[in-house]
Each structure stands twice: as C-alpha cells, then as structure tokens.
Amino acid sequence: MTDQLEDGYDVVVCGGGAAGLNGALMLARARRSVVVIDAGSPRNAPADGVHGLLAREGVPPAELLERGRAEVRGYGGHVVNGEVVGAAKNDSADGFTVALADGRSVRARRLLVTTGLVDELPEISGLRERWGRDLVHCPYCHGWEVRDRAIGVIASGPMSVHQTLLFRQWSSDITYFTHAGPAPTDEEALKFAARGIRLVEGPVESVVTAHDQITGVRLRDGSVIEREVLAVSSRMVARGGFLAELGLQPAPHPSGMGEHIPADPTGRTEVPGVWVAGNINDLSAQVGAAAAAGAGAAAQINADLVAEDTQRAVDAYRNGFSATSEALSAKR
C-alpha cells in the first residue's frame with residue numbers, strides 16, 4: 001500500500017476487496033491508468049479463511065488481499081490508503097472528482113465502486129463480539145467449519161427460516177430462536193418438526209460465553225439454552241453514502257435482506273460513467289462471485305473508454321482533414 005496519489009486516472013476504484021482488486025487488475029492489464037483507494041476495513045476481516053474459492057480454499061482474507069494488491073501493482077496499477085467520502089461530476093471537464101477523508105482529491109474518467117456493505121446485527125448483548133468467529137451467517141461460507149455442532153439460529157430477517165433449513169444440512173442439532181420475529185407459520189413449523197429442528201420462542205437477551213467461546217444464549221425469562229455456534233441473517237446495507245451527490249441512492253434489495261446500489265447485469269449504474277461490483281450491488285455474492293463481477297465491470301469500463309477514445313480520435317482526424325483541405329483550397 002502507498003499514500004502516493006496522482007492528479008488523475010482513467011479509472012478510480014473505490015474499495016479494495018476482491019471485486020475492486022480484480023477490476024483494477026483487469027484494467028491495469030488493459031493498459032489503463034487505475035488506482036484502488038482502500039479504507040482497509042474488509043467485511044470478512046474477522047474470518048479465519050476464505051471458503052468456496054477454487055485453488056485458494058481457506059486462504060486468510062488478509063493474505064488474499066495482499067496477493068491481489070501485489071498483482072495490481074505488478075501491472076502498473078496503484079493501490080492507495082484512503083477513505084472515499086465524496087464523488088462529484090466535473091463541471092468543466094469530463095469525468096469525476098473523488099474526495100478523500102484526509103482532504104485529498106483525484107480526478108477519474110470513470111468510477112468503479114466496490115465498497116461492499118455493512119452487516120447490521122440484532123441488538124443482543126455480546127453478539128457483535130462473536131461475529132465471524134462462532135457467530136456466522138452463511139452456511140456455504142462457514143457450514144463445514146461448524147459441522148455436527150450445536151447450532152442456534154436467531155430469527156432476524158425474512159431469510160431466517162430458509163437459513164435454518166440450510167444449516168440442517170451440516171448439523172442434526174439445530175435450534176431456532178424466534179427472538180423478536182414472528183413465529184414460524186404452520187407449514188414452516190411442520191418442516192422444522194420433520195427435520196428435527198427445535199423451536200424456542202421468546203426474545204434472546206444475551207450471548208453466554210466461557211473461555212472465549214459461545215456456550216449458549218440467555219432468554220429474557222432468564223433461562224439458558226446451550227449452543228456452541230450461533231447464526232443470524234444480518235441486514236446488509238451498501239456502503240455507498242458518498243454516491244449521493246451523484247444521485248445514486250441505496251434501494252431495497254429484491255430479496256428483502258437489505259439495501260444495495262442498483263445496476264444492470266454488467267454493473268453499469270443509472271449515472272453514466274459509474275459502475276458498481278461486488279456486495280454493494282449483490283448482497284449475497286461470495287468472494288469468487290465478487291471478484292468475477294469486478295472483472296466483468298472492468299471489461300465494460302475499458303470498452304466504454306475505447307469507444308470514447310476512438311470517437312475523440314475520429315473527431316481530431318476529421319478536424320485535421322478539414323483544416324488540411326481548407327489550407328489546400330486557399331493555395332489554389
């Protein structure tokens with residue numbers, strides 16, 4: 001990482017996770033000037049390893065990011081420490097001006113925004129401290145690591161019942177806590193009973209731990225239910241507040257799981273010149289999908305820049321040809 005920042009780039013990538021780094025790698029290989037501005041707060045920092053990523057199964061998140069930064073730099077791209085706090089369309093020139101929290105700014109012809117999301121968790125004492133350790137959310141990310149253990153799912157969103165049925169694939173000891181949510185429907189309760197999933201009603205007051213491990217949950221009535229692992233469906237909210245000046249606002253995700261920045265399948269937003277990729281747009285994307293989205297958006301951005309560069313060359317050629325013709329005519 002470096003703090004050196006040039007005045008302008010073809011593309012400024014806001015966010016240095018898998019989506020941003022893979023997008024920057026594609027752009028640097030396309031011989032574009034590109035900088036990744038990374039605030040250094042990846043969503044998966046608490047996790048021991050990245051899972052479900054072919055040929056990199058179990059790699060520590062920090063190691064994966066460092067390898068990615070080195071690859072981007074190896075093709076001439078820049079990776080800069082900084083937090084993006086604003087982005088505005090330039091009045092007197094093409095492109096955008098990106099503002100950083102430390103007062104610096106940088107110009108960009110195009111923006112690729114990959115700042116990810118924030119997980120909002122239920123207000124339960126002791127819950128946040130276990131996040132990414134023995135408090136998990138995705139069975140595909142963590143199911144193997146918590147297999148055959150006593151798992152408690154705390155109802156926290158519209159996907160909680162689905163999440164519970166999924167975790168049953170990895171363990172036969174599953175307890176569903178209704179917490180502040182509605183009780184399961186009759187059909188859902190039937191599914192739980194058929195799969196041997198225990199149903200516990202009432203609000204969860206706190207997480208019980210011993211020796212830095214979850215041992216259970218305490219209900220508001222004082223009773224304690226022993227559990228080794230807890231799962232919740234976090235409310236996921238895009239980190240995109242700095243896009244407001246451009247007219248881009250988070251919108252409810254179709255899944256009901258939170259808010260995202262809408263875009264078309266290529267990552268192109270409704271603001272010309274701005275693309276998004278990764279969890280800021282696709283809330284459920286794992287690392288591999290986020291990286292792929294970053295690469296795809298980068299290819300679209302490069303194609304857009306090629307079209308613009310070509311049109312500028314055509315205009316210059318036409319103007320030059322016209323000027324030459326006029327000069328020849330004047331000599332006759």
Side-chain angles (χ1 to χ4, degrees), residues 2-17 19-21 23-39 72 75-116 238-251 260-264 266-278 280-281 293-294 296-320:
T2 178
D3 286 326
Q4 295 181 352
L5 193 63
E6 295 183 357
D7 291 336
Y9 296 85
D10 287 330
V11 185
V12 168
V13 179
C14 307
L21 289 172
L25 178 63
M26 291 287 285
L27 289 162
R29 283 177 52 82
R31 310 189 75 176
R32 292 293 176 188
S33 60
V34 58
V35 61
V36 178
I37 300 176
D38 184 20
V72 170
Y75 286 98
H78 294 175
V79 183
V80 172
N81 289 299
E83 180 184 358
V84 175
V85 294
K89 188 75 175 175
N90 292 335
D91 293 330
S92 59
D94 293 336
F96 307 87
T97 296
V98 177
L100 278 64
D102 59 11
R104 291 180 295 169
S105 64
V106 59
R107 292 177 292 105
R109 294 174 64 188
R110 300 292 186 273
L111 296 181
L112 175 56
V113 182
T114 62
T115 42
R239 289 174 172 167
F242 64 90
L243 296 172
E245 190 173 350
L246 294 174
L248 286 175
Q249 299 284 351
H260 72 144
I261 299 295
D264 72 10
T266 72
R268 188 191 301 262
T269 72
E270 62 184 19
V271 175
V274 181
W275 275 257
V276 293
I280 191 171
N281 168 252
Q300 294 293 323
I301 291 171
N302 182 61
D304 194 49
L305 288 169
V306 166
E308 181 175 278
D309 292 341
T310 302
Q311 187 59 52
R312 287 178 175 176
V314 168
D315 292 343
Y317 180 81
R318 284 174 173 167
N319 292 336

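Bear in mind that the values here come from a model prediction, so they are computed numbers and not experimental data. Heavy atoms only: backbone and side chains are in, while hydrogens, waters and symmetry mates are out.
- Side-chain contact check for D315 and Q311: at least one donor-acceptor pair (N or O, by modelled atom type) lies under 3.5 Å.
- Side chains of I261 and P250 form a contact here, defined as non-hydrogen atoms less than 4.5 Å apart.
- Taking the side-chain hydrogen bond (donor to acceptor under 3.5 Å, both in side chains) definition, one finds that S105 meets it with nothing, sequence neighbours left out.
- Side chains of L305 and V11 form a contact here, defined as non-hydrogen atoms less than 4.5 Å apart.
- A heavy-atom distance below 4.5 Å is not found between the side chains of F242 and V98.
- With sequence neighbours excluded, the residues forming a side-chain hydrogen bond (donor to acceptor under 3.5 Å, both in side chains) with E308 are R109, R110, R312, listed by chain and number.
- Residues D10 and L27 form no side-chain contact, since every pair of their non-hydrogen atoms from C-beta on lies 4.5 Å or further apart.
- The shortest heavy-atom contact between V36 and A24 is CG2-CB, 3.3 Å.
- In this structure, CZ on F96 lies 13.5 Å from CZ on R107, to the nearest 0.5 angstrom.
- Considering all non-hydrogen atoms of both residues, I37 and E83 come closest at CG2-N, 4.4 Å.
- Closest heavy-atom contact between A297 and A277: CB-CB, 4.3 Å.
- The two residues Q249 and P262 have their closest heavy-atom pair at O-CD, 4.0 Å.
- Taking OG1 of T269 as the start and CG of N281 as the end, the distance is 10.0 Å to the nearest 0.5 Å.
- Using a 4.5 Å heavy-atom cutoff, the side chains of I301 and R32 are not in contact.
- The local environment of CZ in R29 is sparse, with at most 12 non-hydrogen atoms from other residues, nucleotides or ligands closer than 6.0 Å.
- Residues L246 and L111 are in side-chain contact: their nearest non-hydrogen atoms beyond the backbone lie under 4.5 Å apart.
- You'll find the side chain of H78 stays beyond 4.5 Å of the side chain of V106, heavy atoms only.
- A heavy-atom distance below 4.5 Å is found between the side chains of L112 and W275.
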